[in-house]
Amino acid sequence: MTASNGLAEASLPSSQSAEHTHHHHHEHTNHTSETVNSAHPHVHSEESLRRIVNRLSRIEGHIRGIKTMVQQNSPCPDVLLQIAAVRGALDKVARIVLDEHLTECIARASENGNIDVEIEQLKAALDRFLP
């Protein structure tokens with residue numbers, strides 16, 4: 001298992017084809033952990049969702065590989081290298097999700113006049129996400 005197992009795939013283009021769309025509603029939580037409904041329906045292309053899910057599936061497999069390495073008493077530096085690769089891959093997925101949120105969801109909220117709510121929810125999410 002190496003760090004070059006496809007986790008460092010090229011990033012998604014910032015403008016996804018809207019030919020096929022997928023509507024999903026999900027909830028956002030605030031700092032008090034109470035659940036609040038999103039200010040907008042999330043509409044993302046099927047291709048975008050597929051790419052993100054595929055990346056997460058590869059990360060999931062990579063984590064299972066690290067677990068196997070630990071069970072087999074692999075050298076600690078090798079395990080740490082693989083953990084670093086997973087961190088990098090997760091950061092890449094987060095960047096893609098954030099980029100899509102900014103280009104699609106925030107832009108849509110601005111057009112619909114509820115940008116303030118979306119910005120506050122984004123700030124709350126970033127407060128939890130960033131160290």
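Count residues from 1 along the sequence. Every value quoted in this text rests on a predicted model; they were computed, and no experiment measured them.
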**Complete:** dist Cys105:SG -> Asn112:CG (nearest 0.5 Å) comes out at 11.0 Å
**Fill in**
The reported gap from NE2 in His62 to CE in Met69 (rounded to nearest 0.5 angstrom) is 8.0 Å
**Request:** Any chance you could measure Asp99, atom CG, to Ser48, atom OG, to the nearest 0.5 Å?
**Result:** 9.5 Å
**Fill in**
To the nearest 0.5 Å, atom CD of Glu100 lies from atom CG of Leu49 at 7.0 Å
**Prompt:** At what distance, to the nearest 0.5 angstrom, does CG of Asp78 lie from CD1 of Ile66?
**Reply:** 11.5 Å
**Residue list, side chain to side chain contact (heavy atoms under 4.5 Å, CB included) with Asp116, at least two apart or on another chain** = none
**Asked** Would Lys123 and Glu120 satisfy salt bridge (Lys or Arg N to Asp or Glu O under 4.0 Å), going step by step from the backbone distance to the final call?
**Response** CA-CA 5 Å; Lys123 285 180 183 178; Glu120 286 306 312; 3.7 Å; yes
**Asked** Hey, does Arg51 have a side-chain heavy atom less than 4.5 Å from the side chain of Ile96?
**Response** no
**Request:** Could you pull out the closest heavy-atom pair between Leu56 and Leu90, with the gap in Å?
**Result:** CD2-CD2, 4.5 Å
**Request:** Check the hydrophobic clustering (I, L, V, M, F, W, Y; side-chain heavy atoms under 4.5 Å; chains of links allowed) and say if Leu98 and Val53 are grouped together.
**Result:** no
**Partner set under side chain to side chain donor-acceptor pair (under 3.5 Å) for Arg50, not counting sequence neighbours** = Glu47
**Request:** Report the residues that fulfil side chain to side chain contact (heavy atoms under 4.5 Å, CB included) with Gln71, sequence neighbours left out, ordered by chain and then residue number.
**Result:** Lys67, Thr68
**Item:** Derivation and outcome, side chain to side chain contact (heavy atoms under 4.5 Å, CB included), residues Glu118 and His101
**Value:** CA-CA 10 Å; Glu118 283 300 320; His101 186 67; 3.6 Å; yes
